[in-house]
Participant: 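Just passing along the structure, written as structure tokens.
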Amino acid sequence: MLIKLAWRNIWRNPRRSLVMIFAVMIGLWAGVFVASITTGLMEQRFRTSIQQQFSHIQIHNPDYLKENNVVHRIDEWESLGKEISENENVKAFTMRTLVSGMIASSNLTTGIKINGIDPEMEAQTTGLNENVIEGSYLAGEEKSPILIGRKLADKMKVRIGSRVVVTFQDTSGELTSSLFRVCGIYQTSNTLNDELNAYVLQQDLNEIVAGDMIINQLALICHDLDSVNKVALHFQSRYSHLTVRTWKEISPELSYMQEMTGVMMTVILLVILLALAFGLLNTILMSVYERIRELGMLMAIGMNKRRIFGMILMETLFITLTGGLGGMLFGIVTIRLFHFTGIDFATVGGDSLNDFGFDSVVYPSLDPSFFFTVTLLTIFTALITSIYPAIRALRLNPSEAIRKD
Amino acid sequence: MIIIQTENLSRTYNDNALPVQALKDITLTFGQSEFTAIVGPSGSGKTTLLNMLGGLDRPTEGKIWIGGTEISRIKDSQLIDFRLHNIGFVFQSYNLLPVMTALENVSFIMLLQKRDRKEIEERAREMLIQVGLEDKIHVRPSKLSGGQQQRVAVARALASKPKFVLADEPTANLDTASAFNLLDIMQKLNREEKITLIFSTHDQRVIERAKRVITLVDGRVTSDEYFDR
């Protein structure tokens, strides 16, 4: 009976209740949708940063990390590589020779990091082959091929087949130059990274640098995030003279960004719930003030305080849940829709997102637990909000309230 | 059988620190099946007395017993429950629930009393038939005339078979025909249901029907007359 009364009471002033229901609906939809875009953006950034840039674990000679000099090699790369390939938690790994130098075309000379790679291992670990947008990956027959980023290619005004000269220091400290031919142009979501990294065949680079095999970095991708620390600790204990770092140590900002996403979601949620609370408070308070005589009558005929309180609480809940569920449903539909099509922010912001390492096409995504949390918090907000109007109602003196105009 | 008894009942209001005595030394008894009108000019204390008898206000001095319970001493929460099970109210402005139908309005108090659903519906229908609204059972108050709304209010007050019903100027907002119709119904129910009815009124039409007329002037009982009608 109370449920029926409360439900009908909210439709006593349908326009006001509908405005409030729509406000709750739009507010929650907007909150959930913005949260899904933020989550999608951050997840994509995390995924691509791990896959294309950092991997889960990197292993270096500690001196290389201090000086960035090719001479600081990993001597036992063969045994280490074998052990890594046999580790059940490791999905893929790659071994790189890293040299800092200059790249020159007829138009421009600029600083660059040359990555000497095994194309197959690199493809399995970072999926670099999938990022090639023009030309071919390093697997061709061509002599001394080089794969460069689109932004660098644009700056240097080079095309597929163009020749570039790469200059760097070899292991004996002598400056050496070598001619490479652009075989492919790649593009990732991180244009800054694309501009600074070029890829060549490991044997080509090693021939020029030292004449024998030099490995400066091993990058590992694990099957899941939970096993990363375990794998890192294992190899660190096995090779204590090397430096084994997880993605959190390599890029603390990535870890910080993950934490910040959680904080941002909480802030978004709090702002929405605060707006919701004030909107609801206004609506319910108005509805109580409009019904003073009726509430007085209910008290007079014997409706106790618990029931009056319950009725007002239910009215608040009905408005909130109707709008809230509508907003969630609308949110789920839009998130699912854009999760497949993506939202292309390049149309409004150009490459600016790429410049900061984010994908310009964002695929909204949201953990189902977020919906659960939002529902619980919305109910909690409604309960808290209804307390004040309910107390106002309970303070009424029935004999005076009955005579109120 | 005595239903209500008051002893030296007084009520003083402190308006702007200036005490106003609304009721002075009222000692009355009301028996079963009475049809009593409390009359007097505006400000004489009729409504205050009704509020006291209905447990909506507490006396400054004196005592009120209803069926052996001294209601002036019980806690607020107990008083609400006491009202629910013992007292019926009819208000001047009908005060029906606008979102409920006539049948739901009449059932409301019995639902609060947690009676059997089937019994509630039967009794509510029976009461609406008794007040001549059998064709308006599923109609909401906004679609009823003032007289019809007041009949629903009377049916609501009597449906739960309270010890007595207090009616505060029930005919004040009604035209003559509706007022007579309502009084006929109330008299009939008073006879058939044997429920005590106490009115506050200055409507001559009500006074002429009352079997007992208590006159209040300046918060004091100036006359208490019985009529054989």
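Because the structure is predicted, anything quoted here is derived from the model rather than measured. Naming: A, B, ... by sequence-line order, numbering from 1 per chain.
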Participant: Quick one: closest heavy-atom pair of B/L96 and A/M297, and the distance?
Facilitator: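 Scanning both residues completely, I find the closest heavy atoms to be C-CE, 4.5 Å.
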
Participant: Working to the nearest 0.5 angstrom, can you tell me the gap between B/L56 CG and A/N397 CG?
Facilitator: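 Result: 8.0 Å between the selected atoms.
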
Participant: Examine whether an atom of B/N86 lies under 4.5 Å from a heavy atom of chain A, and if so say whether it belongs to the side chain, the backbone or both; otherwise answer neither.
Facilitator: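 For B/N86, there is no contact with chain A at all, as no heavy atom is under 4.5 Å.
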
Participant: Specify the closest pair of heavy atoms between B/N95 and A/R293, including all atoms of both residues, with the distance to one decimal.
Facilitator: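 Nearest pair, atom of B/N95 first, then A/R293: OD1-NE, 3.4 Å.
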
Participant: Can you see which heavy atom on A/R8 is nearest to which on B/T101, and at what distance?
Facilitator: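 Nearest pair, atom of A/R8 first, then B/T101: NH1-N, 4.3 Å.
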
Participant: Between CZ of B/R58 and OG of A/S399, what distance do you get to the nearest 0.5 Å?
Facilitator: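 The distance works out to 11.5 Å.
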
Participant: Please check if the number of heavy atoms outside B/I129 that lie under 6.0 Å from its CD1 is greater than 12.
Facilitator: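 More than 12 heavy atoms, drawn from other residues, nucleotides or ligands, come within 6.0 Å of this atom.
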
Participant: Check this for me: A/F380, atom CZ, are more than 12 non-hydrogen atoms of other residues, nucleotides or ligands nearer than 6.0 Å?
Facilitator: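 It does not: A/F380 CZ has 12 such atoms or fewer within range.
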
Participant: Determine whether more than 12 heavy atoms belonging to other residues, nucleotides or ligands lie under 6.0 Å from atom CG of B/D218.
Facilitator: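 No.
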
Participant: Looking at A/L5, A/L2, A/N304, which has the largest count of heavy-atom pairs under 4.5 Å with chain B?
Facilitator: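 Winner by heavy-atom pair count: A/L5.
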
Participant: Report, as yes or no, whether the 6.0 Å neighbourhood of atom CD on B/Q113 holds more than 12 heavy atoms from other residues, nucleotides or ligands.
Facilitator: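 Above 12, so yes.
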
Participant: What part of A/R306 lies closer than 4.5 angstrom to a heavy atom of chain B: side chain, backbone, both or neither?
Facilitator: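 Contact with chain B involves no heavy atom of A/R306 at all.
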
Participant: Go through the atoms of B/N51 and report whether side chain, backbone, both or neither lie under 4.5 Å from a heavy atom of chain A.
Facilitator: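 For B/N51, side-chain heavy atoms alone lie under 4.5 Å from chain A.
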
Participant: Can you confirm whether A/M1 sits close enough to B/S107 that some side-chain heavy atom of one is under 4.5 Å from a side-chain heavy atom of the other?
Facilitator: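 A/M1 does not reach B/S107 side chain to side chain.
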
Participant: If you tally heavy-atom pairs under 4.5 Å against chain A, which of B/V99, B/L50, B/D168 wins?
Facilitator: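 Counting heavy-atom pairs under 4.5 Å, the top option is B/V99.
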
Participant: Does B/F89 reach the side chain of A/I402, with side-chain heavy atoms less than 4.5 Å apart?
Facilitator: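 Of all side-chain heavy-atom pairs linking A/I402 with B/F89, none is under 4.5 Å.
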
Participant: Which answer fits B/I109, side chain, backbone, both or neither, if we ask what part of it has an atom under 4.5 Å from a heavy atom of chain A?
Facilitator: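 The side chain, not the backbone.
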
Participant: More than 12 foreign heavy atoms under 6.0 Å from NZ of B/K188: is that the case here?
Facilitator: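 Check passes, neighbour count above 12.
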
Participant: At a 4.5 Å cut-off on heavy atoms, which part of A/L298 comes close to chain B: side chain, backbone, both, or neither?
Facilitator: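 When you check distances to chain B, only side chain atoms of A/L298 fall under 4.5 Å.
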
Participant: Could you tell me which portion of B/E104 (side chain, backbone, both or neither) has an atom closer than 4.5 angstrom to a non-hydrogen atom of chain A?
Facilitator: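 Side chain only.
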
Participant: Considering only heavy atoms from C-beta outward, does the side chain of A/M299 approach that of B/I80 to under 4.5 Å?
Facilitator: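 The answer is no, as the side chains (C-beta and beyond) never meet within the 4.5 Å cut-off.
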
Participant: So, B/R83 side chain and A/M303 main chain: donor-acceptor pair closer than 3.5 Å or not?
Facilitator: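 Such a contact is absent between B/R83 side chain and A/M303 backbone.
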
